[in-house]
Amino acid sequence: MKKGFLLLAVALLMVSCQVVENMDIKEDGSGSIRYDIDASQMMQMAGDQVEQSLKGEMGEVHDTVIDFSSLATMMKDSLARMTADEKQSFEVLKRLKLGMHMDPQKKEFAIKMEMAFGSVSELRDMMELLKKTQELKNGSAPTVGGGDYSELAYSYDGRKFGRKVTITDKDAFAKAKDSLGGVMALFGSSNYTLKYHFPKKVKSVSDKKAIISDDRRTVTMPYGLSDYMGNPEAMSLEIVLEK
């Protein structure tokens, strides 16, 4: 029963959630990134059976906050086996904070992940970092950047901001798309939105569908989750700021 419930929850989450990648960049290039994931629609689609299962496992209301800086103490044995690159990634992960709110009765389910950074170049895909953390907890020693088919990198030099997605393993990417099959059509109700705030006014955006705020300091780019899953390179952006 529990295994079936988890599979159902994951499937519903894939096709009925709203994700916002929110980044705030300061004049010196430092700032913060936050992922807001709203899966309340999943709860509404799931029905009373899932609501009762969640109540039984997690209680009426569940609020959790995880500060990943505490992982250093919990994982000291794994840390000793890390390479220099892995330790650098882990230092980034230690700044990550994760919060989850779930209220089965009100059918609310939200996840927030946020992290401060000194430079956008040090950012890593937080989902990938979380996966590597789980691998380390299980006793393995993963290679940074391995085990995935794409790479996400950010750049900022005070005048230009870049978000670059590159498919690094075309065969693995093709297999991942094939495994989704007809489920891709169900992503229509889910969105992945980029929302970036800058210390200067925006002069231009490479994607003409971008929405620029009235004060020209915020760029919003709405995508379907099907873009994120099926064509991630289309979510690459170059934003030029005014001098």
Side-chain angles (χ1 to χ4, degrees), residues 18-37 67-69 84-99 111-133 143-146 148-169 173 191-225 227-229 231-243:
Q18 311 300 319
V19 182
V20 180
E21 180 184 312
N22 206 321
M23 189 184 298
D24 193 343
I25 300 177
K26 299 178 182 178
E27 189 74 37
D28 63 358
S30 65
S32 61
I33 186 169
R34 186 179 77 243
Y35 289 80
D36 293 306
I37 304 171
D67 187 337
F68 282 79
S69 61
D85 285 344
E86 290 165 356
K87 288 179 180 178
Q88 182 179 354
S89 289
F90 188 79
E91 286 302 314
V92 175
L93 181 65
K94 283 168 62 176
R95 299 200 296 273
L96 176 64
K97 294 182 180 180
L98 184 148
I111 299 171
K112 178 185 292 186
M113 295 186 293
E114 56 186 332
M115 183 175 70
F117 56 81
S119 168
V120 296
S121 62
E122 72 184 26
L123 284 176
R124 303 289 190 275
D125 187 333
M126 286 197 284
M127 298 296 186
E128 179 67 13
L129 282 170
L130 288 171
K131 184 180 77 173
K132 292 186 185 305
T133 300
T143 301
V144 171
D148 201 2
Y149 54 73
S150 65
E151 181 178 84
L152 172 62
Y154 300 93
S155 61
Y156 177 69
D157 62 6
R159 182 78 195 285
K160 290 183 180 180
F161 170 86
R163 183 188 197 274
K164 180 69 173 177
V165 184
T166 305
I167 301 298
T168 55
D169 188 332
F173 175 60
N191 295 309
Y192 193 112
T193 302
L194 308 179
K195 194 168 186 177
Y196 298 146
H197 312 271
F198 298 97
K200 301 176 183 178
K201 292 184 178 180
V202 173
K203 181 179 180 180
S204 64
V205 184
S206 59
D207 194 322
K208 302 306 178 185
K209 298 188 296 296
I211 301 168
I212 302 175
S213 63
D214 291 340
D215 65 2
R216 301 195 66 81
R217 292 175 183 266
T218 299
V219 172
T220 303
M221 269 300 314
Y223 295 95
L225 195 60
D227 296 316
Y228 178 78
M229 301 295 292
N231 188 19
E233 288 185 336
M235 296 176 65
S236 296
L237 279 178
E238 182 179 86
I239 299 171
V240 179
L241 307 180
E242 294 182 359
K243 293 183 179 179

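Note that the structure is predicted; figures quoted are calculated from it, not measured.
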Test item: Tyr223 and Asp207 side chains (from C-beta on) under 4.5 Å apart, heavy atoms:
yes

Leu194 side chain near Met235 side chain, heavy-atom distance below 4.5 Å
yes

Are any non-hydrogen side-chain atoms of Ser204 and Ile239 less than 4.5 angstrom apart?
no

Search all heavy atoms of Gly29 against all heavy atoms of Phe117 and return the closest pair with its distance.
O-CE1, 3.5 Å

If you compare all heavy atoms of Ile167 against all heavy atoms of Glu233, which two are closest, and at what distance to 0.1 Å?
N-OE2, 2.9 Å

Any side-chain heavy-atom pair from Pro222 and Asn191 closer than 4.5 angstrom?
no

Sorted by first residue and then second, give each salt bridge (Lys or Arg N to Asp or Glu O under 4.0 Å) pair with at least one member in residues 152-168; sequence neighbours left out.
Glu21-Arg163

Between the NZ atom in Lys195 and the CZ atom in Arg34, the distance rounded to the nearest 0.5 Å is 9.0 Å

Could you check whether any side-chain heavy atom of Asn22 comes within less than 4.5 Å of a side-chain heavy atom of Tyr35, counting everything from C-beta outward?
no

Do Met221 and Thr193 come close enough that some side-chain heavy atom pair is under 4.5 Å?
no

I'd like to know if the side chain of Arg217 and the backbone of Pro199 have a donor-acceptor N/O pair within less than 3.5 Å.
yes

Within-4.5 Å side-chain heavy-atom neighbours: Lys201 and Asp215
no

Between Ala210 and Val219, what is the shortest heavy-atom contact and its length?
CB-CG1, 4.1 Å

Distance (rounded to the nearest 0.5 Å) between Tyr196 OH and Ile33 CD1:
6.0 Å

Is the shortest heavy-atom distance from the side chain of Glu122 to the side chain of Tyr154 under 4.5 Å?
no

Nearest atoms (heavy-atom pairs only) where Asp36 meets Lys112:
OD1-CE, 3.4 Å

Would the distance check show the side chain of Thr218 and the main-chain N or O of His197 forming a donor-acceptor pair, the cut-off being under 3.5 Å?
no

Output all residues satisfying ring-ring contact (aromatic ring centres under 6.0 Å, His included) with Tyr156, sequence neighbours left out; order by chain, then residue number.
none

Between Ser32 and Ala116, is there a donor-acceptor pair closer than 3.5 Å when you use the side chain of the first and the backbone of the second?
no

Between Met23 and Val120, which heavy-atom pair has the shortest distance, and what is it?
SD-CG1, 4.2 Å

Return the OG1 to CG distance between Thr168 and Leu152, rounded to the nearest 0.5 Å.
11.5 Å

Just wondering, more than 12 heavy atoms not from Lys200 lying within 6.0 Å of its NZ?
yes

In this structure, NZ of Lys203 is separated from CD1 of Ile212 (nearest 0.5 Å) by 12.5 Å

Looking at CD of Glu151 and OG1 of Thr166, how far apart are the two atoms once the value is rounded to the nearest 0.5 Å?
6.0 Å

For Val202 and Glu242, work out which heavy atoms get closest and say how close.
O-OE2, 4.2 Å

N/O donor-acceptor pair under 3.5 Å between Ser30 side chain and Gly118 backbone
no

